[in-house]
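First the structure, in the form of structure tokens, and then the observations on it.
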Amino acid sequence: MKSTKELEQLLYKNETVADKTPSAIAEADAFCEGYKEFLNRGKTEREVVQYSEELLVKAGYRPFTVGMELHPGDKVYHINRKKCVLAATIGTKSLSEGFHLNIAHVDAPRLDLRPVPLFEKEGLAYFRTHYYGGIRKYQWPTIPLSIHGVVYREDGSCVNICIGEKDDDPVFTITDLLPHLGAEQNKKTLPEGITGENLNILLGSLPIEDEEASNRVKLRVLGLLNEQYGITERDFTSAEIEIVPAFKARDVGLDRSMIGSYGHDDRVDAYPALMAEIETQSPAYTSVCVLTDKEETGSDGVTGLNSMYTFHFLRQLCECEGVDYVTAFQASKCLSADVTAAYDPSYSEAFEPDNGTYAGRGVAIYKYTGSRGKSSTNDASAELVSYLTRLMNKNNVVWQIGEMGRIDLGGGGTVAKYVANQDIDTIDIGVPVLSMHSPFEVVAKSDVYMAYRTFKAFCEDAE
Ligand code: MN
Ligand code: MN
């Protein structure tokens, strides 16, 4: 028998980045300054895409056009309907040897406005909302909120709206009952305590002067919107307005080791994936970074990964080179990035510690997702896990592997299956998040940086 020391060498160790590669901590701090800027500039998928396009253009990416001549090292991008980014760096190998795909999503849970949102009740004006994605409704009242989006006016012109982000802007909020009158509400379960019909955005309290008029507060709000943006109530029917937390990304903890922000899911993978793509020069395999929309509602729709837009783009790249896309897809690999649930010691009963993924212990691998009996999962092959963990080890990436939590409690899915269903080998990785889907999610900076190192290594892998 081996000695205890030798036997201990045989264990799988789930170590912190700080213990394993202490030098990465300062690098992570520096990297995350750019990430916080990315979070603050992009509170909606449209804003993220707009900022990403700026970064791509600055880095020399050219708009992709069908049939264009492409050479190794060329950088091209395409924006899908203002909500998704596709960026590629052409490799030295033929596309018949496959793409290396890094995919993340840039939509986040939030409150959308309904088509007829504006109303007045007992002298207060509100917007009615319809929540987008999996929110816990009780988390949204009594915090400062901002309004972001686009409105198409009757003449077809478009106006961008963003109120609540500048220091001297007003903010908005959803009210909650005072504890003194909360006896009945307190008897309800968490999902019932605040309902979708309670999630109304407080807009104003000041009536117009004409005492004969009805809905005088609503009319003042509408008048202000009309003065500032030239819009009418009818124009909300052709609008996409999102209500999101008004606060900015902030360092969390005395050691400043974490970032608290709205929208980490999944901008915390999107930013590292985009940075890795931008910084990759003359790769062997053609790298493609996809920042997609609609993950939080199930990936359906023309900007979701269940649509063909990503695969059309890949096919069109193949056509430029005269390569059969089926051959290219079969040879491709994809890192499907999305956040994982960080083990939370305050709610340990929801987790299984041996298979938990922990904030501060590096990028997490989920071999499979899904719920109950792995329903709706892309279950990555052992071969692909082996490829990825060897690549990570070779590039000093601190990684961990696990599952979301206790297996009978629930679960979730990602975009991985939509890529795998196109005959592309795909595996889930991502940054662990505390308070996932809340207005103020928390991640460890070291994990964000390890995600970046992973994407970079994958873009540059030549084997
Ligand atoms: Mn996600
Ligand atoms: Mn999510």
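Position 1 is the first residue of the sequence; numbering continues from there. Numbering of ligands and ligand atoms starts at 1, following listing order.
Looking at H105, its N, O or S atom nearest to the Mn ion (ligand 1) turns out to be NE2. Summary: OD1 is the N/O/S atom of D338 found nearest to the Mn ion (ligand 1).
Because the distance cut-off is set at 2.8 Å, D265 qualifies as a neighbour of the Mn ion (ligand 1) through one of its N, O or S atoms. For a distance bound of 2.8 Å, the N, O or S atoms of D266 include none lying that close to the Mn ion (ligand 1).
Taking the Mn ion (ligand 2) as the apex, the angle formed with NE2 of H437 and OE1 of E296 is 80°, to the nearest 10 degrees.
Aromatic ring centres of F99 and Y285 lie farther apart than the 6.0 Å criterion allows.
Geometrically, R128 engages F119 in a cation-pi contact defined by less than 6.0 Å to the ring centre and at most 45° from the axis. Both the sub-6.0 Å distance and the 45° axial angle are not jointly satisfied by R136 relative to the ring of Y138. A cation-pi arrangement, defined by a distance under 6.0 Å to the six-membered ring centre and an angle within 45 degrees of its axis, is absent between K43 and Y262.
Side-chain contact between E403 and T369 is absent, with no heavy atoms from C-beta onward closer than 4.5 Å.
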